[in-house]
Protein chains: 2
Amino acid sequence: MRKTNASGRVRRGKNGEAIAEAIRFGPLEYWVGFNLRMAQEHAFQAFSRRSQEIGESPGRFATLTLIARNPGISQTELSHANGRDKSSLTPVVEDLVRRGLVERKRMRAGRGLVERKRMRADRRTYRLNVTAAGKQALTMLTRCARQHERVLDRIIGQRDRKRFLQILKKIAAEVE
Amino acid sequence: MRKTNASGRVRRGKNGEAIAEAIRFGPLEYWVGFNLRMAQEHAFQAFSRRSQEIGESPGRFATLTLIARNPGISQTELSHANGRDKSSLTPVVEDLVRRGLVERKRMRAGRGLVERKRMRADRRTYRLNVTAAGKQALTMLTRCARQHERVLDRIIGQRDRKRFLQILKKIAAEVE
DNA sequence: TATTGTTATACTCTATAACTATA
DNA sequence: TATAGTTATAGAGTATAACAATA
């Protein structure tokens, strides 16, 4: 069997010989939007493979990081922080708790250490924190992410990295 | 009610006053992978809104463009071109055909115009082409995309655009 | 045996709306 | 009335495996 490259086509000539043709991408080729998508997709897949070796998904990693960096965050706050509806977060948090990576506590009434005043106790909200096991998972994931970043850095080049990052942030902040 | 920014938290002070706190993103803040994802997500959403006003999704747009630029492409070739499994393409093509944007023909046996030899007829494959209606839809979508590109260009700046695009292509090509 | 495209099926991620329990 | 979180449900997009027709 004859091989072609990944996005190649094989056309048969009039004598039945194989002719490899490249796929034409037309205007997509020059558009930032399309190439942004392609780059993200490839980078995401690469990191996905890496982090799945230690049994986590990139989404879980981001969630875990946000909880670790914002101890006691509520689920609604967390859903805002990563731009998803709160209902989408329910099964994620459930899973992290079930696996012992995150701890979920109801806000409880109590007394402040200094003042004798009763502290508020909103019994609708949960406070989220990472457990020791969660911290450990996070350490491994962070190591993964740093390796991945090194690969990306090598591709981008030290000279352009800073500016590239700035532009990515600018797009996220300003587009529409 | 007091407002906070999109990713803000509200903590209550000891006197019950609202204290707005920013979410901390920790190392995510400085990682290319995370910011690449954020930028792509925002840009994609923006284009999605735009193209949905004319009843298409970004995915349909890419598929339609690939067919238009590669007339007679087969479904398997098409699935390679956008990096998805062929089975994922079946409902997409089905939908485009149903709505009259794409035409699907079996390869049929026939005679070449010049040679008298019988031409090959692989009756397993379909050849895909865009119809007149498909071309019309594509024209509108392309207009949309160009508007979207102008927004992105304005954010990126003329000076950095070329280099930015190069880096995106490099990431897609080289990562893992 | 290998390939093209379909089908059956399932999984992930996401959203909306209705609900509960609080506030 | 309003808010925090859950549940029920649905949709988009994807994949794997088995299959029929054809090569």
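Letters A, B, ... mirror the listed sequences (proteins, then strands); counts begin at 1. This is a predicted model, so every value here is computed, not measured.
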Judged by each residue's nearest nucleotide on DNA chain D, which is more toward the 5′ side, B:K86 or A:R127?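 Whichever sits nearer the 5' end wins; that is A:R127.
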
Rounded to whole angstrom units, what separation is found between the [atom1] atom of [X] and the [atom2] atom of [N]?
{"X": "B:E94", "N": "C:dT4", "atom1": "CD", "atom2": "P", "value": "20 Å"}
{"X": "B:R60", "N": "D:dA12", "atom1": "CZ", "atom2": "C1'", "value": "9 Å"}
{"X": "A:E77", "N": "D:dG5", "atom1": "CD", "atom2": "C1'", "value": "13 Å"}
{"X": "B:R84", "N": "C:dT6", "atom1": "CZ", "atom2": "P", "value": "18 Å"}
{"X": "B:N82", "N": "D:dA12", "atom1": "CG", "atom2": "C1'", "value": "15 Å"}
{"X": "B:R123", "N": "C:dT3", "atom1": "CZ", "atom2": "C1'", "value": "15 Å"}
{"X": "B:F44", "N": "D:dG13", "atom1": "CZ", "atom2": "P", "value": "7 Å"}
{"X": "A:D85", "N": "C:dT12", "atom1": "CG", "atom2": "P", "value": "20 Å"}

Need one value for B:T125: base, sugar-phosphate or nothing, where a base atom within 4.0 Å counts as base even if backbone is also close, heavy atoms only.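 Sugar-phosphate contact only - B:T125 comes under 4.0 Å of backbone atoms but never of a base.
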
OP1 or OP2 of D:dA15 under 4.0 Å from side-chain N/O of B:S88: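 Result: yes.
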
Heavy atoms from C-beta onward define the side chain here; which of [options] lies closest to that of [X]?
{"X": "B:R104", "options": "D:dA23, D:dG5, C:dT6", "answer": "C:dT6"}
{"X": "B:Q75", "options": "D:dT6, C:dT6, C:dA23", "answer": "C:dT6"}
{"X": "A:T76", "options": "D:dA4, D:dG13, C:dA15", "answer": "D:dA4"}

salt_bridge([X], [Y]) N-O dist < 4.0 Å:
{"X": "B:R98", "Y": "B:D95", "value": "yes"}
{"X": "B:K169", "Y": "A:E29", "value": "yes"}
{"X": "A:R84", "Y": "B:E41", "value": "yes"}
{"X": "B:E56", "Y": "B:R99", "value": "yes"}

5'-most contact on DNA chain C: A:R106 or A:G83, nearest heavy atom basis?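 Final value for this comparison: A:G83.
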
First of A:R124 and A:S87 reached from the 5' end of DNA chain C, by closest nucleotide: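 So the residue in question is A:S87.
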
Quick check: B:F61 with B:F47 (ring centres under 6.0 Å apart)?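 Yes, the ring of B:F47 comes within the 6.0 Å limit of the ring of B:F61, centre to centre.
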
